[in-house]
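In this chain, numbering begins with 1 at the start of the sequence shown.
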Amino acid sequence: MSSDTSYTTEEIAKLLKISKLTVYDLIKKGELPSYRVGKQIRVDASDIEAYKQRARGIAVTPFQQQQQLERATAATTIQPPHAASPERPLVITGHDVSLDILSKHIEKQLPGIRPLRSFVGSIDSLISMYKGESDIVSTHLLDGDTNTYNLPYIRRLLVGLPIVVVHLLTRSAGFYVRQGNPKQLHGWSDLSKPGLKLVNREQGSGARVLLDEQLRLHRIAAGSLLGYADVEHSHLAVAGKIAANIADVGIGIQKAANIVGGIDFIPLIEERYDLVMLKRPDNMKWIETVLHTIQSDAFKNELRTIQGYDLSETGRVLLDT
């Protein structure tokens with residue numbers, strides 16, 4: 001690595017073969033000294049090399065430590081004039097566009113905090129919070145035995161952690177099918193029809209859990225479904241495969257069907273999309289602001305411009321441990 005080279009968080013994740021959430025965690029802990037160029041977080045190549053040496057158990061000399069300190073000090077001075085102190089990264093996980101809107105409001109309401117988006121599924125989001133790698137996680141996980149969303153998973157995966165769970169929105173989920181619904185798919189039991197080609201979501205995503213729970217409840221063997229192992233990583237990608245006639249059916253939300261076009265959407269369930277915030281001491285100063293933001297008319301009015309959201313319970317606190 002050249003000493004005058006710097007890398008973004010995405011590039012560091014690829015270099016070290018770790019997730020972006022882990023990169024953010026290393027930056028938060030000070031193990032990777034970082035600085036900002038405009039709105040982008042960067043880390044010098046020499047600091048990455050020093051971290052790798054420490055991870056291997058190789059001692060860094062006092063002279064090298066002094067060099068790193070001087071680079072960090074110099075980097076701080078090149079920040080924009082309005083950045084009087086380093087911004088604290090706030091990692092928000094999930095795919096829905098409502099989270100991008102929330103990030104914008106948080107950045108406006110909380111100077112000194114920089115929201116960072118991580119696009120991972122619901123179960124991976126909860127696991128990342130348990131590991132301390134994220135601050136606000138989104139989840140839409142159906143528990144088929146109780147026919148309830150999220151709280152059963154949150155209680156099992158975040159056992160012992162102090163958290164706040166707040167409802168963000170409700171949205172329709174169901175089948176993406178070819179235009180005209182030629183396979184006549186109207187309910188979960190129709191997935192047992194012979195010759196049906198499915199396109200699936202990745203393990204840990206809310207859509208994958210929804211499908212697996214319905215297959216279990218309707219006693220349909222996952223292995224009997226053609227295309228069960230054919231995985232895409234977003235609602236849009238699944239809808240796109242249906243539109244391209246590569247598959248007959250996929251599971252997703254209505255909004256993606258409206259965006260892709262050329263397919264039909266069969267609504268089957270109203271899924272609850274909730275947020276979890278970890279009540280660590282250094283988080284308490286922003287949690288109340290985020291709650292007030294979610295409950296505000298300004299935030300809700302912006303969400304109302306997006307078709308397919310039910311906001312009747314937006315901002316309701318579901319659990320506070």
**Message:** Does any part of the side chain of Leu198, heavy atoms only, come nearer than 4.5 Å to the side chain of Asp230, both counted from C-beta?
**Reply:** no
**Distance (rounded to the nearest 0.5 Å) between Ile136 CD1 and Thr93 OG1** = 9.0 Å
**Message:** Donor-acceptor pair, distance only, cut-off 3.5 Å: does the side chain of Tyr153 make one with the backbone of Leu142?
**Reply:** yes
**Message:** Has Asp190 got a side-chain atom pairing as donor or acceptor with Gly187's backbone, closer than 3.5 angstrom?
**Reply:** yes
**Prompt:** Can you name the one residue among Val276, Leu291, Ile287 that meets side chain to side chain contact (heavy atoms under 4.5 Å, CB included) with Val166?
**Reply:** Leu291
**Prompt:** In this structure, which one of Leu102, Leu303, Ile306 forms a side chain to side chain contact (heavy atoms under 4.5 Å, CB included) with Val97?
**Reply:** Ile306
**Message:** Does either side chain, that of Asp44 or that of Ser46, offer a donor lying less than 3.5 Å from an acceptor on the other one?
**Reply:** no
**Item:** Tyr130, OH: over 12 other non-hydrogen atoms inside 6.0 angstrom
**Value:** no
**Item:** Interatomic distance, Leu116 atom CG to Ser134 atom OG [nearest 0.5 angstrom]
**Value:** 11.5 Å
**Request:** Classify the ring geometry between Phe299 and His105 as parallel (under 30°), tilted (30 to 60°) or perpendicular (over 60°).
**Result:** perpendicular
**Prompt:** Is the shortest heavy-atom distance from the side chain of Arg272 to the side chain of Glu270 under 4.5 Å?
**Reply:** no
**Request:** Ignoring hydrogens and angles, tell me if any N or O in the side chain of Lys241 forms a donor-acceptor pair with the backbone of Leu236 under 3.5 Å.
**Result:** no
**Asked** Should Tyr309 and Thr314 count as side-chain neighbours, where that means a heavy-atom distance under 4.5 Å?
**Response** no
**Request:** Taking the side chain as every heavy atom from C-beta outward, state whether Ile12 and Ile48 have any atom pair closer than 4.5 Å.
**Result:** yes
**Prompt:** Is Glu11 paired with Lys14 through a side-chain N to carboxylate O contact shorter than 4.0 Å?
**Reply:** no
**Prompt:** Taking the inter-plane angle between the rings of His140 and Tyr273 on a 0 to 90° scale, is it parallel (under 30°), tilted (30 to 60°) or perpendicular (over 60°)?
**Reply:** tilted
**Request:** To the nearest 0.5 angstrom, please state how far the CG atom of Leu90 sits from the OG atom of Ser103.
**Result:** 8.0 Å
**Prompt:** Under 6.0 Å from the CZ atom of Arg219, do we count more than 12 heavy atoms belonging to anything else shown?
**Reply:** no
**Message:** So for atom CD, which belongs to Glu31, do other residues, nucleotides or ligands contribute more than 12 heavy atoms lying within a distance under 6.0 Å?
**Reply:** yes
**Request:** Please step through side-chain contact (heavy atoms from CB on, under 4.5 Å) for the pair Lys279 and Asp320, ending with a clear verdict.
**Result:** CA-CA 9 Å; Lys279 292 170 63 176; Asp320 189 347; 2.7 Å; yes
**Prompt:** If we only count heavy atoms from C-beta on, is the Tyr176 to Phe265 side-chain gap below 4.5 Å?
**Reply:** yes
**Message:** For a salt bridge (charged side-chain N to carboxylate O under 4.0 Å, His left out) check, start with the C-alpha distance between Arg178 and Asp248, then their side-chain angles and the critical distance, and finish with the verdict.
**Reply:** CA-CA 6 Å; Arg178 296 182 186 179; Asp248 300 308; 3.3 Å; yes
**Asked** Should we count CG of Asn301 as having more than 12 external heavy atoms under 6.0 Å?
**Response** yes
**Prompt:** Do Asn200 side-chain atoms and Val231 backbone N/O form a donor-acceptor pair below 3.5 Å?
**Reply:** no
**Asked** Quick one: does Thr293's side chain have a donor or acceptor within less than 3.5 Å of a partner on Thr289's backbone?
**Response** yes
**Asked** What class does the angle between the rings of Phe119 and His95 fall in, given that below 30° is parallel, 30 to 60° is tilted and above 60° is perpendicular?
**Response** tilted
**Asked** So how far is it from Asn150 CG to Leu126 CG, rounded to the nearest 0.5 Å?
**Response** 8.0 Å
**Short N-O contact, Arg208 and Asp212, less than 4.0 angstrom** = yes
**Asked** Would you say the side-chain atoms of Arg117 pair up with the backbone N or O of Gly94, donor to acceptor, closer than 3.5 Å?
**Response** yes
**Prompt:** Going by an N to O cut-off under 4.0 Å, is there a salt bridge joining Glu213 and Arg216?
**Reply:** yes
**Item:** Value rounded to 0.5 Å, distance of OG1 in Thr148 from CG in Asp143
**Value:** 5.0 Å
**Item:** Exceeds 12 heavy-atom contacts within 6.0 angstrom, atom CD of Gln307
**Value:** no
**Prompt:** In terms of heavy-atom contacts, does NZ of Lys131 have more than 12 from other residues, nucleotides or ligands at under 6.0 Å?
**Reply:** no
**Message:** So that I can tick it off, tell me whether Glu271 and Arg171 are bridged by a salt bridge, with the cut-off set at under 4.0 angstrom between side-chain N and carboxylate O.
**Reply:** yes
